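What you see is a predicted model, and the numbers here were worked out from it, not measured in a lab.
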Amino acid sequence: MELGLVGLGKMGGNMRERIRRAGHTVIGYDRNADVADVHSLEELVGKLSGPRVVWVMVPAGEPTQSTIDRLAELLEPGDVVVDGGNSRWTDDERHAEELAAKGIGFVDCGVSGGVWGLENGYALMYGGDAENVAKVQPIFDALKPEGDFGSVHAGKVGAGHFAKMVHNGIEYAMMQAYAEGWELLEKVDSVENVREVFRSWQEGTVIRSWLLDLAVNALDEDEHLDALRGYAQDSGEGRWTVEAAIDNAVPLPAITASLFARFASRQEDSPQMKMIAALRNQFGGHAVEKK
């Protein structure tokens, strides 16, 4: 089948290649003319036969909104727009409503796989009406990993991005657990080869995972991570997961703590710890460290 793909960055570019390897035609547009197949959204839509499917793979927020707004002007009834970026599920509901007013279908799709997806396949979580999902199904089948798993119609519009959001929240907590364990191992004198301890966990243990494999890769490149600064950014999905938990009264202590740990990483001299040190000194005479 034919697909229009908007956004050919690290994810989108590799997705275009994987879909083409599966025998489908992909016409890609990107603001970077060096990687684009066409030079405008108008040209992209014009080269596709109806009913068209256009997959949007650009940053969440205004870039996605403006792209979908323009496609709403260019596409025709019966066409389908897929948002494969990291949009918030509440945005999906609005996009679906706006496009439906013009007879255009909408499917939201959470995509996981990163730079490894080209060879390994992408885990896909999508939401939308069955009729619209069916129009995109050959592309989902081309992108997913080999085998029976890795792809799911999670529910109605918004379900795909909500599922991907929760996936990323779990990812936050898993990474935080590996990071805390690594720091503790590095701290004690008795453990002399932390990297090899991590490597030994890759087989036969209940904590083996792809994230653990990636941790070993990182330690192979820089055994004590000396070249890195202890600073970690957070994506919107971690925050949205915690907000959704509050809205639904679902306790998420591990995921919430992992998000807050990233906030703490941005404070070289934590104001909170200043107050804690001052209080400990006041009630117990505990020593404080001066600047």
Side-chain angles (χ1 to χ4, degrees), residues 3-16 19 26-33 35-45 48 52-76 79-115 117 122-129 132-133 135-136 139-140 143 154-169 233-241 243-244:
L3 177 74
L5 181 59
V6 182
L8 302 170
K10 291 180 180 179
M11 289 278 282
N14 281 345
M15 289 168 62
R16 174 176 60 176
I19 296 166
V26 183
I27 301 171
Y29 167 69
D30 194 277
R31 289 186 299 177
N32 180 359
V35 300
D37 302 313
V38 294
H39 303 294
S40 68
L41 288 176
E42 292 85 350
E43 186 180 356
L44 180 146
V45 171
L48 295 172
R52 304 171 186 85
V53 175
V54 179
W55 188 303
V56 179
M57 203 70 190
V58 301
E62 176 54 30
T64 294
Q65 183 67 60
S66 60
T67 301
I68 291 178
D69 287 345
R70 184 61 181 137
L71 288 173
E73 299 171 354
L74 297 170
L75 295 175
E76 299 175 348
D79 294 343
V80 174
V81 172
V82 181
D83 179 4
N86 285 330
S87 295
R88 191 166 185 166
W89 81 96
T90 50
D91 292 343
D92 297 326
E93 296 167 352
R94 184 178 68 255
H95 293 153
E97 183 177 349
E98 293 169 352
L99 291 170
K102 299 192 174 187
I104 301 168
F106 179 82
V107 174
D108 64 286
C109 184
V111 182
S112 181
V115 297
Y122 299 87
L124 306 172
M125 297 142 271
Y126 37 93
D129 295 341
N132 292 325
V133 168
K135 294 177 182 179
V136 191
I139 302 303
F140 292 147
L143 287 171
K156 55 189 178 181
V157 166
H161 280 144
F162 195 95
K164 177 58 163 48
M165 177 194 75
V166 174
H167 165 281
N168 281 26
Q233 190 55 268
D234 70 284
S235 66
E237 290 150 310
R239 300 185 186 211
W240 300 339
T241 303
E243 291 171 2

Can you name the closest pair of heavy atoms from [X] and [Y] and give their distance?
X: Ala154; Y: Gly160; answer: CB-N, 4.3 Å
X: Ala244; Y: Trp89; answer: CB-CH2, 4.1 Å
X: Val157; Y: Ala96; answer: CG1-CB, 3.8 Å
X: Ala60; Y: Pro63; answer: O-CD, 3.6 Å

Could you tell me whether [X] and [Y] have a side-chain N and a carboxylate O separated by less than 4.0 Å?
X: Glu76; Y: Lys102; result: no
X: Glu97; Y: Arg94; result: no
X: Arg88; Y: Glu243; result: yes
X: Arg239; Y: Asp234; result: yes

Requested in this report: List the steps and the verdict of side chain to side chain donor-acceptor pair (under 3.5 Å) for Glu237 and His161.
Outcome: CA-CA 9 Å; Glu237 290 150 310; His161 280 144; over 6 Å; no
Do [X] and [Y] come close enough that some side-chain heavy atom pair is under 4.5 Å?
X: Val53; Y: Ile139; value: no
X: Val136; Y: Val133; value: no
X: Lys156; Y: Asp129; value: no
X: Ile68; Y: Leu99; value: yes

Nearest 0.5 angstrom please: [X] [atom1] to [Y] [atom2], how far?
X: Phe162; Y: His167; atom1: CZ; atom2: NE2; value: 14.5 Å
X: Tyr126; Y: Asp108; atom1: OH; atom2: CG; value: 11.5 Å
X: Asn86; Y: Asp91; atom1: CG; atom2: CG; value: 12.0 Å
X: Asp69; Y: Leu41; atom1: CG; atom2: CG; value: 11.5 Å
X: Ser112; Y: Met11; atom1: OG; atom2: CE; value: 7.0 Å
X: Met125; Y: Phe140; atom1: CE; atom2: CZ; value: 11.0 Å

Query raised in the report: Hey, is the main chain of Gly61 close enough, under 3.5 Å, to the side chain of Gln65 for a donor-acceptor pair?
Result: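 Not confirmed, Gln65 side chain does not pair with Gly61 backbone.
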Query raised in the report: Would Lys164 and Asn168 satisfy side chain to side chain donor-acceptor pair (under 3.5 Å), going step by step from the backbone distance to the final call?
Result: CA-CA 6 Å; Lys164 177 58 163 48; Asn168 281 26; 3.1 Å; yes
Requested in this report: Step by step, work out the side-chain contact (heavy atoms from CB on, under 4.5 Å) result for Phe106 and Val80.
Outcome: CA-CA 5 Å; Phe106 179 82; Val80 174; over 6 Å; no
Query - Chi angles and distances behind the side-chain contact (heavy atoms from CB on, under 4.5 Å) call for Asp83, Thr64 - result: CA-CA 8 Å; Asp83 179 4; Thr64 294; 3.6 Å; yes
Report task. Evaluate the side-chain contact (heavy atoms from CB on, under 4.5 Å) criterion for residues Val45 and Leu71: first the C-alpha distance (whole Å), next the side-chain angles of each, then the deciding distance (0.1 Å), finally the verdict. Result -> CA-CA 8 Å; Val45 171; Leu71 288 173; 4.1 Å; yes
Query raised in the report: Only one of Leu143, Val6, Ile19 clears side chain to side chain contact (heavy atoms under 4.5 Å, CB included) with Trp55; which?
Result: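 That would be Leu143.
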Query raised in the report: Out of Asn132, Thr67, Val56, which residue meets the side chain to side chain contact (heavy atoms under 4.5 Å, CB included) rule with Val81?
Result: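 Filter result, single survivor: Val56.
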Requested in this report: Under the salt bridge (charged side-chain N to carboxylate O under 4.0 Å, His left out) rule, what do Arg16 and Asp37 come out as? Steps first, then yes or no, please.
Outcome: CA-CA 11 Å; Arg16 174 176 60 176; Asp37 302 313; 3.1 Å; yes
Query - Evaluation steps, side-chain contact (heavy atoms from CB on, under 4.5 Å), between Ile27 and Leu3 - result: CA-CA 6 Å; Ile27 301 171; Leu3 177 74; over 6 Å; no
